[in-house]
Amino acid sequence: MTRTMSETLPIAVVGGGLGGLAAAATLAARGRKVILFERNPWLGGKAAVHEADGFRFDMGPTILTVPRVLKRIFAEAGEDVNDHLDLVRLDPQWRCFFEDGTVLDLQENVDRMAASLDEFSGAGTGDGYKAFIKQSERLHHISERFFFWKAVEDMKDTLSVKGSMNISTLSDILALRMGSTVAGTIRGHVPEKRAAQMLDHFVQYVGSSPYASPAVLCAIGHMQTSEGIWYPRGGTRAVPVALAELAARKGADLRMGVGVSRIVSEDGQVTAVETTTGETVPVAAVVSNMDSIRTYDELVGGSPAATFHSRRSYEPACSGVVLYLGLNKAYDHLAHHDFVFSRDPEEEFDAIYNKGEPAPDPTCYLAAPARTEPEVAPPGGEALYVLVHTPYLRPHHDWSKMLPGYRRTILDKLKRTAGMEDIEERIVHERTLTPQDIHDRYNVLNGAIYGLASHGRFMGAFKPGNRSRDLKGLYLAGGAAHPGPGMPMVMMSGWIAGDTLDQDMTGQGAEATAKAGVA
């Protein structure tokens with residue numbers, strides 16, 4: 001028997017990360033009754049905060065791009081995001097430190113960046129960079145037309161959106177460079193090794209190797225140059241706080257410290273959720289912000305999970321080690337965001353993604369937010385965030401034993417390549433996060449920070465769709481669902497899940513929002 005989703009029962013949102021909060025806010029703004037269940041005592045998932053000894057650290061994401069995603073979510077409720085978040089535009093966007101001692105700033109303005117590249121590595125590199133950004137812009141526009149703001153699981157979904165095949169669509173498909181990788185596309189325009197290594201790291205937003213990721217992900221470059229990098233005062237933690245307050249203002253019931261242990265179904269449709277406190281809550285539908293693989297395996301099970309796994313196998317994205325270092329004296333030569341690059345990117349990515357072992361000479365990402373918000377540290381100090389990507393958890397990885405040695409590798413890298421020779425003397429507070437910690441704390445798959453890897457030259461950009469094909473009434477959000485990881489994409493996934501669910505229930509959704517001028 002086929003059931004229809006009840007208009008009177010609440011919608012359950014499983015998980016209060018950025019995707020779950022975006023879904024809850026979107027659905028509540030459209031008048032839906034929403035109950036959000038979060039097993040942790042805080043909302044925001046990986047966008048948590050650590051405060052100690054006068055230092056404040058964002059524990060998870062630190063880079064905010066594509067702010068119009070937030071704008072659209074707030075517009076659902078008739079509100080202006082700028083009334084709730086103080087967003088500061090950062091330029092330079094990154095400072096890059098290379099093994100040979102050279103330093104290069106990634107600037108927002110394409111012409112200025114091109115001139116800087118010509119000065120840095122010789123005439124012609126700038127023109128190659130402009131050509132790359134032009135191609136990135138084309139890929140960005142194609143993504144907006146076929147990929148973003150709609151529930152997508154595979155190529156069939158992207159092509160069915162327009163409902164017809166014409167010359168323009170064929171041209172767009174050819175522009176996707178199916179079968180090409182991010183690294184190959186970049187080096188086709190910018191062969192200079194250091195500049196190419198810098199551009200490779202756009203794809204690190206999705207925790208994947210540029211040598212295995214499809215060329216369409218080069219679109220990230222234009223997203224960043226056209227819309228900027230932003231820092232919310234109060235840290236990126238301010239984003240989930242603002243989303244939670246928005247959802248609550250619109251009537252969502254936010255229940256912290258209460259997880260979901262099972263999604264109950266009958267006749268192939270969601271009917272209820274069972275909570276970790278032993279309650280069974282009848283629901284019209286579920287939006288799961290939990291990792292999509294773990295949602296099917298741990299909350300759904302049975303034939304829906306078997307059918308889901310039969311269509312395609314997915315690989316976890318990378319994990320990481322994070323050092324939260326409270327320094328008594330800041331390093332003035334750092335920018336807000338910095339990359340301290342490995343000596344050999346092919347060696348680095350081969351170790352992480354092919355061999356499944358920590359890179360012997362890793363790239364370190366640094367956030368030094370006292371540049372923009374001095375209040376994150378005592379006067380003159382720095383709340384330094386250091387992230388090094390590592391493989392997702394393998395059975396033989398024991399990070400309780402591996403961490404001390406890898407911490408030494410990381411600090412030696414900062415001393416040698418980033419001009420931080422006395423960093424150990426400046427550390428007055430330290431906390432760490434390992435892949436095992438990430439796995440245990442955030443309900444992700446094998447400690448993967450970014451959900452599922454974007455590997456595969458043809459299908460790498462596709463993640464599990466936001467509307468389940470296997471269980472009616474189940475919708476997916478988060479980094480392990482379409483359109484993938486990174487702050488804006490995760491929030492977009494929540495909006496898509498909420499919009500799709502609302503559209504399925506009433507036939508409104510995307511059409512209604514477009515008419516309202518939200519898009």
Side-chain angles (χ1 to χ4, degrees), residues 19 22 63-73 110 131-163 165-166 168-182 184-186 189 199 202-208 210 213-229 317 450-466 477-497 499-500 510 513-514 518-519:
I63 296 179
L64 176 63
T65 59
V66 199
R68 61 191 168 86
V69 177
L70 269 171
K71 179 179 179 181
R72 184 166 187 167
I73 293 167
V110 174
F132 167 73
I133 292 296
K134 186 175 181 64
Q135 183 172 7
S136 174
E137 180 178 12
R138 177 80 188 278
L139 293 170
H140 183 191
H141 292 326
I142 293 170
S143 297
E144 290 286 347
R145 288 182 61 200
F146 294 106
F147 202 67
F148 294 159
W149 305 109
K150 52 187 71 73
V152 167
E153 184 158 329
D154 51 30
M155 185 63 75
K156 180 179 69 175
D157 290 331
T158 66
L159 295 180
S160 67
V161 169
K162 293 297 178 181
M165 182 65 71
N166 53 41
S168 176
T169 303
L170 288 171
S171 174
D172 287 339
I173 292 172
L174 291 173
L176 291 174
R177 293 176 57 85
M178 302 293 281
S180 301
T181 65
V182 167
T185 302
I186 288 170
H189 296 295
L199 298 176
F202 285 126
V203 83
Q204 290 299 278
Y205 288 152
V206 298
S208 301
S213 300
V216 66
L217 293 180
C218 290
I220 298 170
H222 182 258
M223 292 179 204
Q224 184 162 307
T225 57
S226 63
E227 300 194 47
I229 277 184
Y450 306 91
L452 301 174
S454 298
H455 292 164
R457 297 180 181 215
F458 292 92
M459 292 295 291
F462 292 101
K463 303 292 184 290
N466 311 96
H482 173 76
M487 285 188 77
M489 298 299 104
V490 167
M491 291 186 287
M492 188 188 293
S493 79
W495 183 93
I496 294 170
D499 173 75
T500 305
T513 357
V518 175

Atom pair [atom1]/[atom2] of [X] and [Y] - distance to nearest 0.5 Å:
| X | Y | atom1 | atom2 | answer |
| --- | --- | --- | --- | --- |
| I496 | D499 | CD1 | CG | 8.0 Å |
| I63 | Q224 | CD1 | CD | 7.0 Å |
| M492 | N466 | CE | CG | 10.5 Å |
| M223 | F148 | CE | CZ | 3.5 Å |
| T185 | L217 | OG1 | CG | 10.0 Å |
| W149 | S493 | CH2 | OG | 10.5 Å |

Q | Side-chain donor or acceptor of S208 paired with backbone N/O of H455 under 3.5 Å | A |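 A pair under 3.5 Å: no.
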**Q.** Sidechain-backbone polar pair: T225 side chain, H222 backbone, donor-acceptor under 3.5 Å
**A.** yes
Q: Could you please spell out the steps behind the side chain to side chain contact (heavy atoms under 4.5 Å, CB included) verdict for H141 and E137?
A: CA-CA 6 Å; H141 292 326; E137 180 178 12; 3.5 Å; yes
Q. Taking C-beta and beyond as the side chain, do H482 and F147 meet within less than 4.5 Å on heavy atoms?
A.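 A side-chain contact under 4.5 Å exists here.
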Work out which heavy atom in [X] is nearest to a heavy atom in [Y]; give both atom names and the distance.
| X | Y | answer |
| --- | --- | --- |
| C218 | I186 | SG-CG1, 4.5 Å |
| A131 | H189 | CB-ND1, 3.6 Å |
| E144 | K150 | O-NZ, 3.6 Å |
| P485 | V490 | CA-CG2, 4.0 Å |
| V216 | S143 | CG2-OG, 4.0 Å |
| A317 | V206 | CB-O, 4.2 Å |

**Q.** Residues K463, S454; criterion side-chain hydrogen bond (donor to acceptor under 3.5 Å, both in side chains); working and verdict
**A.** CA-CA 8 Å; K463 303 292 184 290; S454 298; 2.8 Å; yes
Q: Classify the angle between the aromatic ring planes of F202 and F132 as parallel (below 30°), tilted (30 to 60°) or perpendicular (above 60°).
A: parallel
Q | Verdict with reasoning, S226 to H140, per side chain to side chain contact (heavy atoms under 4.5 Å, CB included) | A | CA-CA 10 Å; S226 63; H140 183 191; 4.2 Å; yes
Q | Residues L64, L70; criterion side chain to side chain contact (heavy atoms under 4.5 Å, CB included); working and verdict | A | CA-CA 10 Å; L64 176 63; L70 269 171; 4.2 Å; yes
